[in-house]
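Comments concern the structure below.
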Amino acid sequence: MTNIAIIGDEKSGRTSLASKLGKKGTDSDITLFDDDRHEQKYVYVDAKSYPKSMKSIVAALNLADMAVLCVTPNGLTQTVGECIVALDLLQFKHGVIVITKSDTSYALEIDAFKEKLKKITAGTVLENWEIVSLNTNKDAPNAFEGIDGLKDRIHKIGAEIAAGQKAKDSLPPRVVIDHFFNVTGIGIVILGKVLQGTIHTHDKIGLYPVDKKVDIRSIQTHDIDVKETGTGSRVGVSLKGLLERELERGFLLSGGELIASEFEMECTLSKFAKNGIKSDDVLHMFAGLQSDPVRVKKITVGGAEKEKINAGETGILKLEGNKKIAYSKDDLFLFASLEENQRFTATGKVV
């Protein structure tokens with residue numbers, strides 16, 4: 001299964017595109033669109049509440065294996081720039097840039113805009129992404145003209161992703177939770193994505209960061225009951241031994257996680273982080289779908305303590321948060337600052 005984030009400006013046609021690619025399902029600050037018409041299944045995640053909510057795009061990207069960045073021919077906006085920064089910081093390997101609303105421009109203008117996009121994304125993870133154009137105006141005579149080219153590209157990337165997912169099926173299981181609810185007669189049901197490993201019905205598995213064991217009663221993928229499922233699967237899991245009030249978005253079903261509220265991280269700032277990061281700053285930290293404001297207690301660059309770390313630099317940050325966060329040693333944390341025009345500021349790994 002390939003999970004695809006649809007991101008971009010609010011009026012870029014991203015939601016119209018997502019609804020054309022799949023059938024609408026779970027709807028909150030993110031909306032999921034399901035496409036099970038192929039041997040390789042697809043789930044499209046529309047970052048519905050972005051750019052107002054950073055959590056919306058962070059959730060979409062952390063649930064995704066690839067991204068579709070929607071840009072209109074009107075030109076680049078601050079929001080599109082922020083999307084590029086977020087994708088680059090998260091080291092997003094797979095994606096496509098889509099010039100939407102192609103009916104509002106001319107072929108030569110779109111070709112010129114493609115060249116501009118190539119220059120802007122040079123030196124980022126997006127520099128080799130294919131750029132396609134299509135008409136997302138569903139009321140136009142040529143509605144969604146060009147979408148077949150996008151689908152072809154998604155299918156090719158999806159095949160690459162599927163091969164990588166299969167290699168992770170033997171790893172310890174790890175499922176991120178994005179929605180949950182209580183069903184009468186069944187109990188707690190969580191929705192989420194299998195990040196790695198394979199889960200089975202009747203498994204006893206840990207819930208983190210509460211560090212509690214729960215039982216898997218049943219598993220569904222695409223509304224079909226299954227006995228087991230592996231990496232990349234979009235799942236609904238019925239759990240035993242759990243209360244709804246014990247859950248939060250971003251919690252993990254896992255064989256084992258590290259848990260902390262204070263961190264020492266090697267962080268690299270975006271080259272677009274104009275204000276840098278100073279000692280005693282408060283940053284918004286995202287660990288997958290979990291989030292927490294953290295205060296910078298100490299900055300070390302090249303072995304020397306500093307008051308500030310600047311754009312493009314790497315240093316060790318000592319951070320203090322308010323709640324327990326579950327993570328693995330390989331997780332990439334994302335940081336944001338409301339003082340920046342481009343809010344996404346840095347990434348880091350625990351040292």
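Numbering starts at 1 and runs along the sequence shown. Since the structure is predicted, the reported quantities are computational estimates derived from the model, not experimental observations.
- In this structure, the separation between CG on Leu247 and CG on Leu242 is 4.5 Å, given to the nearest 0.5 Å.
- The aromatic rings of Tyr42 and His38 sit perpendicular to each other, their planes meeting at more than 60°, with 30° as the lower class boundary.
- Atom NZ of Lys20 sits in a sparse spot, with 12 or fewer heavy atoms from other residues, nucleotides or ligands closer than 6.0 Å.
- Of the listed residues (Ile216, Ile177, Thr221), just one forms a side chain to side chain contact (heavy atoms under 4.5 Å, CB included) with Val235, and that residue is Thr221.
- Classification of Arg234 and Asp178 as a salt-bridged pair holds, one side-chain N sitting under 4.0 Å from a carboxylate O.
- The CG atom of Asn74 lies 10.0 Å from the CD atom of Glu109; values are rounded to the nearest 0.5 Å.
- Judged purely by distance below 3.5 Å, without hydrogens or angles, the side chains of Asp225 and Gln220 pair a donor atom with an acceptor atom.
- Using a 4.5 Å cut-off on side-chain heavy atoms (C-beta onward), Leu126 and Leu87 make contact.
- Under 3.5 Å, the side chains of His155 and Asp152 contain no donor-acceptor pair of N or O atoms.
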Pair Thr345-Ser337, side chain to side chain donor-acceptor pair (under 3.5 Å): steps then yes or no
CA-CA 6 Å; Thr345 303; Ser337 171; 4.8 Å; no
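- Not a single donor-acceptor pair under 3.5 Å links the side chain of Asp211 to the backbone N or O of Tyr208.
- By the 4.5 Å heavy-atom criterion applied to side chains, Leu252 and Leu207 are not counted as neighbours.
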Could you give me the CA-CA distance, side-chain angles and deciding distance for Ile157 and Val96, then say whether side-chain contact (heavy atoms from CB on, under 4.5 Å) is met?
CA-CA 9 Å; Ile157 295 174; Val96 181; 4.0 Å; yes
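- Not counting sequence neighbours, His179 has no partner by the ring pair (Phe, Tyr, Trp, His ring centres under 6.0 Å) test.
- The local environment of CG in Leu108 is sparse, with at most 12 non-hydrogen atoms from other residues, nucleotides or ligands closer than 6.0 Å.
- At a threshold of 4.5 Å between non-hydrogen side-chain atoms, the residues Ile316 and Ile299 do not count as touching.
- Within 6.0 Å of NZ on Lys93 lie no more than 12 heavy atoms contributed by other residues, nucleotides or ligands.
- With hydrogens and angles ignored, the 3.5 Å screen pairs no side-chain donor or acceptor of Thr198 with any backbone N or O of Gly230.
- More than 12 heavy atoms of other residues, nucleotides or ligands lie within 6.0 Å of CD in Glu244, so this atom counts as buried by the packing criterion.
- Among Ile147, Thr72, Thr15, Thr100, the one residue that satisfies the side chain to side chain contact (heavy atoms under 4.5 Å, CB included) test with Thr136 is Thr100.
- Using a 4.5 Å heavy-atom cutoff, the side chains of Val98 and Leu69 are not in contact.
- Using modelled atom types and a 3.5 Å distance limit, the side chains of Gln290 and Tyr327 yield no donor-acceptor pair.
- Residues Ile325 and Leu319 share a single hydrophobic cluster, defined by chaining ILVMFWY side chains whose heavy atoms lie under 4.5 Å apart.
- By the 4.0 Å N-to-carboxylate-O rule, Asp29 lies close enough to Arg249 to be salt-bridged with it.
- Side chain of Glu307 to main chain of Lys278: no donor-acceptor pair is present (N/O by atom type, distance under 3.5 Å, no hydrogens or angles).
- At most 12 non-hydrogen atoms from other residues, nucleotides or ligands lie less than 6.0 angstrom from NZ of Lys329.
- The closest side-chain heavy-atom distance from Leu332 to Lys349 is below 4.5 Å.
- A side-chain donor-acceptor contact under 3.5 Å links Ser233 and Thr229.
- When only modelled atom types and interatomic distance are considered, Thr124 and Glu127 share no side-chain donor-acceptor pair under 3.5 Å.
- In this structure, the side chains of Asp46 and Leu32 stay at 4.5 Å or more apart for every pair of heavy atoms.
- Judged purely by distance below 3.5 Å, without hydrogens or angles, the side chains of Asp169 and Thr231 pair a donor atom with an acceptor atom.
- Between Lys323 and Asp292, no side-chain nitrogen of the basic residue sits less than 4.0 Å from a carboxylate oxygen of the acidic one, so the salt-bridge criterion is not met.
- Salt-bridge check for Glu340 with Lys274: failed, with every basic side-chain N at 4.0 Å or more from each acidic carboxylate O.
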Are Asn135 and Ser102 close enough, and set up right, to give a side chain to side chain donor-acceptor pair (under 3.5 Å), and what steps lead you there?
CA-CA 5 Å; Asn135 174 14; Ser102 61; 5.1 Å; no
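- At most 12 heavy atoms of other shown residues, nucleotides or ligands fall within 6.0 angstrom of atom NZ in Lys240.
- The line from OG of Ser238 to CZ of Arg217 is 5.5 Å long, rounded to the nearest 0.5 Å.
- Hydrophobic clustering (ILVMFWY, side-chain heavy atoms < 4.5 Å, transitive): Val226 and Met1 are in distinct clusters.
- Atoms CG and SG, on Asp88 and Cys83 in that order, are 12.5 Å from each other to the nearest 0.5 Å.
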Quick one: do Asp281 and Ser279 satisfy side-chain contact (heavy atoms from CB on, under 4.5 Å)? Show the steps, please.
CA-CA 6 Å; Asp281 277 356; Ser279 183; over 6 Å; no
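- The structure places CG of Leu317 at 13.5 Å from CZ of Arg295, a figure rounded to the nearest 0.5 Å.
- Heavy atoms from other residues, nucleotides or ligands lying under 6.0 Å from CG of Asp223 number 12 at most.
- Under the 4.0 Å criterion applied to side-chain N and carboxylate O atoms, Asp27 and Lys48 are assigned as salt-bridge partners.
- A donor-acceptor pair under 3.5 Å links the side-chain atoms of Lys193 to the main chain of Leu63, judged by distance alone.
- Criterion: ILVMFWY side-chain heavy atoms under 4.5 Å apart, direct or through other members. Under it, Val132 and Val71 are not part of a common hydrophobic cluster.
- The CD atom of Glu10 lies 10.5 Å from the OG1 atom of Thr77; values are rounded to the nearest 0.5 Å.
- Between Lys118 and Glu115 there is a salt bridge, with a side-chain nitrogen of the basic residue lying less than 4.0 Å from a carboxylate oxygen of the acidic one.
- The closest donor-acceptor contact from the side chain of Asp331 to the backbone of Ser328 lies under 3.5 Å.
- Side-chain contact between Val351 and Glu264 is present, with heavy atoms from C-beta onward closer than 4.5 Å.
- The closest side-chain heavy-atom distance from Tyr44 to Asp35 is below 4.5 Å.
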Verdict with reasoning, Tyr50 to Glu82, per side chain to side chain donor-acceptor pair (under 3.5 Å)
CA-CA 11 Å; Tyr50 179 76; Glu82 187 170 74; 2.6 Å; yes
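- Counted within 6.0 Å of NZ on Lys168, heavy atoms from surrounding residues, nucleotides or ligands total 12 or fewer; the atom is thus considered open.
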Worked verdict on Arg174 versus Glu257 for salt bridge (charged side-chain N to carboxylate O under 4.0 Å, His left out):
CA-CA 9 Å; Arg174 201 172 189 231; Glu257 297 288 318; 2.7 Å; yes
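- Side chain to side chain, Thr2 and Asp65 fail the donor-acceptor criterion of an N or O pair below 3.5 Å.
- Using a distance-only test at 3.5 Å, with no hydrogens or angles considered, a donor-acceptor pair links the side chain of Thr104 to the main chain of Lys101.
- Val214 and Val237 fall within the same hydrophobic cluster, where Ile, Leu, Val, Met, Phe, Trp and Tyr residues are linked whenever their side-chain heavy atoms come under 4.5 Å apart, directly or through other members.
- A continuous path of ILVMFWY side-chain contacts below 4.5 Å connects Val85 to Ile7, so both sit in one hydrophobic cluster.
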